[in-house]
Enquirer: 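First, the structure itself, so that you have it in front of you.
Quantities reported herein were computed from a predicted structural model and do not represent experimental measurements. Convention: sequence-line order gives letters A, B, ...; per-chain numbering from 1.
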Amino acid sequence: DTTVKQNPRYKLARVGKPVNLICSQTMNHDTMYWYQKKPNQAPKLLLFYYDKILNREADTFEKFQSSRPNNSFCSLYIGSAGLEYSAMYLCASSRVGNTLYFGAGTRLSVL
Amino acid sequence: GNSVTQMQGQVTLSEEEFLFINCTYSTTGYPTLFWYVQYPGEGPQLLLKVTTANNKGSSRGFEATYDKGTTSFHLQKASVQESDSAVYYCVLGDLGGNYKYVFGAGTRLKVIA
């Protein structure tokens, strides 16, 4: 089974409210990633976990939080959503040094 | 840092035509190069990868050569089908260093029957 699951598929949020997105994988992969995808732009890496170690990109450091309570599960947390957070959020996992496996994504709309 | 450039935002072809999608990259390391394909309603999935410079990868009739001299990894297919309609991403993986994968902007392929 090479499935990465993301919930929910669609999320509507109000400006200023928190948002929590969820990702799970059953492949025992040591690394899990979150990407943000906006129309006509490349998927942008936000952060990733290698085992229990969180690595956040410098330009999004303040905007996104994450947790990984066990090997299979990873969340992406936005403390206060702004209009600029409207995007597709893609979760992926891999065994380090190998192929990325993606979920179908969560489309976040902030109003 | 690492970067990937795909200049073609959209390509429209008729069935059985030749496909060429341009991809160039910039890196100071020894990356693995990938092509991912994304169909509507799904996440990106691996199409092919090449780990060693000057080698070629192929899958489902698609092929790409990791050309270190020209820093290119162009995707080709001799004869496209309507079912190939999708978005194609060129991806650079810094897998011996910081475990990051850098994506190109993607090329939307539309194949008309």
Enquirer: For atom CZ of B:Phe18, is the number of surrounding heavy atoms from other residues, nucleotides or ligands below 6.0 Å larger than 12?
Expert: yes

Enquirer: Is it the case that more than 12 heavy atoms not belonging to A:Arg68 sit under 6.0 Å from its CZ atom?
Expert: yes

Enquirer: Let me check something: do B:Tyr99 and B:Val102 share a hydrophobic cluster, defined by ILVMFWY side-chain heavy atoms less than 4.5 Å apart, either directly or through other members?
Expert: no

Enquirer: Find the distance between OG1 (A:Thr31) and NZ (B:Lys100) and round it off to the nearest 0.5 Å.
Expert: 13.0 Å

Enquirer: Looking at A:Asn40, I'd like to know if its CG atom is crowded, meaning that more than 12 non-hydrogen atoms belonging to other residues, nucleotides or ligands lie closer than 6.0 Å.
Expert: no

Enquirer: In a check of ring-ring contact (aromatic ring centres under 6.0 Å, His included) between B:Tyr101 and each of A:Phe102, A:Tyr35, A:Tyr33, which one passes?
Expert: A:Tyr33

Enquirer: With the 4.5 Å side-chain cut-off for hydrophobic clustering, are B:Val11 and B:Leu75 part of the same group?
Expert: yes

Enquirer: Let me know if A:Glu57 has heavy atoms under 4.5 Å from chain B in its side chain, its backbone, both or neither.
Expert: side chain

Enquirer: Rounded at 0.5 Å granularity, tell me how far OH in B:Tyr89 sits from NZ in A:Lys37.
Expert: 4.0 Å

Enquirer: Counting only heavy atoms from other residues, nucleotides and ligands, does the tally under 6.0 Å from NZ of B:Lys68 exceed 12?
Expert: no

Enquirer: Considering only heavy atoms, which portion of A:Arg107 lies under 4.5 Å from any heavy atom of chain B: side chain, backbone, both, or neither?
Expert: neither

Enquirer: Decide whether B:Val4 and B:Leu48 are clustered together by the hydrophobic rule: side chain heavy atoms of Ile, Leu, Val, Met, Phe, Trp, Tyr closer than 4.5 Å, transitively.
Expert: yes

Enquirer: Checking A:Asn98 against B:Lys49 for the side-chain contact (heavy atoms from CB on, under 4.5 Å) test, could you report, in this order, the C-alpha distance in whole Å, the side-chain angles of both residues, the deciding distance, and whether it holds?
Expert: CA-CA 10 Å; A:Asn98 282 289; B:Lys49 75 175 184 182; 4.0 Å; yes

Enquirer: Hey, quick one: are A:Leu100 and B:Tyr25 part of the same hydrophobic cluster, counting side-chain heavy atoms closer than 4.5 Å, chains of contacts allowed?
Expert: no

Enquirer: Same cluster or not: are B:Phe62 and B:Leu13 linked, directly or through other Ile, Leu, Val, Met, Phe, Trp or Tyr residues, by side-chain heavy atoms under 4.5 angstrom apart?
Expert: yes

Enquirer: CD of A:Glu62: more than 12 outside heavy atoms within 6.0 angstrom?
Expert: no

Enquirer: Looking at A:Ala42 and B:Gly104, what are the two nearest heavy atoms and their distance?
Expert: CB-O, 3.2 Å

Enquirer: Would you please go through residues 33-45 of chain B and name the residues with a non-hydrogen atom below 4.5 Å from one of chain A, in numerical order?
Expert: B:Phe34, B:Tyr36, B:Gly41, B:Glu42, B:Gly43, B:Pro44

Enquirer: Examine whether an atom of A:Leu90 lies under 4.5 Å from a heavy atom of chain B, and if so say whether it belongs to the side chain, the backbone or both; otherwise answer neither.
Expert: side chain

Enquirer: Can you pull out the residues in residues 43-55 of chain A with any heavy atom less than 4.5 Å from chain B?
Expert: A:Pro43, A:Leu45, A:Phe48, A:Tyr50

